[in-house]
Amino acid sequence: MHVPNIPSLTAADPQVAELVHAEAQRQFDKIRLIASENYVSTAVLEATGSVLTNKYSEGYVGRRYYEGQQVIDQVEQLAVARAKELFGVEHANVQPYSGSPANLAAYLAFLEPGEKVMGMALPMGGHLTHGWSVSATGKWFESVRYSVREDTGRVDMDEVRDLALAERPKMIFCGGTAIPRTIDFPAFAAIAEEIGAVLVADIAHIAGLVAGGAHPSPVGHAPVITTTTHKTLRGPRGAMIMTDAAHAKAIDKAVFPGLQGGPHNHTTAAIAVALGEALQPSFATYAHAVVANAKALAEALVERGFDLVSGGTDNHLILIDLTSKDIAGKPAAQALDRAGIELNYNTVPYDTRKPFDPSGIRLGTAAVTTRGLGVEEMPQLAEWIERAVVGEDADKIALEVSEFMAGYPMPGFAAS
Ligand SMILES: *Cc1c(COP(=O)(O)O)cnc(C)c1O
C-alpha cells in the first residue's frame, strides 16, 4: 500500500491505480541496481503530487507572463536558494524539464548550429546529449569525442588535451552515464581555458555524491554545471543548471524562452524538498554510504571473478565486462531481472559486440543504500548476481531476494 494512499485514484480509475500499486510492489520486492535510479522520500512524492501542477508560470521569479504568482514565485525562489546553498554556486536555474533539455540549453546558450562540441563518446560512458550522432546534439552540431584508455578503462587527460588542441571545440562536456571513476574537473578546466572553450560539467549521475561531499565538486572549475535531480540527488524527475555569474543570463535565456514554456511547478516544489533533505547532515552520511556500498559490492564481485571496467569504482557505479563469464550483457540482465535483481545491459569500452546486445552490465548502489542496505549486505548481493548470471533457477533466487528486501523499508510504501 502507498503512504500516502491513493484512494481517489483507486475509486476513479482502478485500472491505473492497480498499475501504480503493482509498480510500487515491484520496486519493493526487487534489488534495484539501475545506476540512475533511486527512491524519493514521501515528502518529495507529496510535493510532486500537489496542486502546484495546476499553475502556469512562464518566465522567472518576479518576471512572469501570467498572473497569480504570489505563491509559485516563493516556491521557485526557495528551490533556487537551496541549490545555491547546497552546491555553493552563484546562480541556479531549476526549470529544465529533465537532463537532456538542460544540456540542450547549454548548446543554445553558447554555440551556433554547426559549431564544435567535445564530449565523451557514448560507448565509452558519455551521454547521448554530449554530441552523439543519433542525438540532435550530434546532428545539429559538429562533435568530437574522447575515450577512455583501453588498458586502464579511465580517461587519459593528456589524450583529452591533445584532441582539444587539435580540434578546438567551443564547448566541452565532462561527465557521463557509465563512469565508475572520479572526474578530474580541474584538469578539464585547464584544457577548456587553454583553448577558450566553455566547460560544462554534467553531474547528472553524481550530483548527490557531490552534494554530500563524496565526490569532488566541479564548482570553481566548470562555469556551467548541468544535473538531473532524480539520480543520486534523490529528488523528483527534473534538472537544474548551475552557473557562475558570468554565464547566468545566457543560460536563463536559453531555458526560457529559448527552449521551454512553463516550468513544472510541482516538480520545482519537489526539487526544493529534495534539496532541503540534501542540506541535512544525514544526506552526507547517505552519500558516503552509497560509495562505501559500491566499493564493497565491487570487491565482492571481483572475488567472484567478475571483470570490472577500470578494476573497481570511486563512486556509486560499477561497470562489469561479462566476456570472461561467457554471457552477453542482455541475456545476463534479463536473467538477473527474473531473479529479482534489476539493472541494465551496457556497452563496455572497446566493446566487440553491438550496442543493442553489448558485453556489459551497469550497476549502481544509490537505491539499495536508500533502502538501508550496508556494506555487510554487499557480498550477499554479489552471490545472487553470480548465481543468476551462471543460470541458476531464477524463481528460487527471486524468492530469496524478495524475502530479504522485505526487511528494508521503502519510502512511500508499506507492505500490506
Ligand atoms: C541521465 C543523464 C542525462 C539525461 O537525463 P534525462 O533526465 O534522462 O533526460 C544527461 N546526462 C547524463 C550524464 C545523464 O546521466
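Start at 1 and go down the list; that is how both ligands and their atoms are numbered.
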Got more than 12 heavy atoms from elsewhere within 6.0 Å of CD, E58?
yes
If the criterion is any heavy atom closer than 4.0 Å to an atom of ligand 1, which residues make the list?
S98, G99, S100, N103, H127, G176, T177, D202, A204, H205, T228, H230, K231
T370 versus Y286, side-chain donor and acceptor atoms under 3.5 Å:
yes
Please examine the side chains of K139 and S133, heavy atoms only from C-beta on, and report whether any two atoms are closer than 4.5 Å.
no
NZ or CZ of K170 within 45° of F110 ring axis and under 6.0 Å:
no
So, S41 versus E277: side-chain donor-acceptor pair below 3.5 Å or not?
yes
Around atom OH of Y408, are there more than 12 heavy atoms of other residues, nucleotides or ligands at under 6.0 Å?
yes
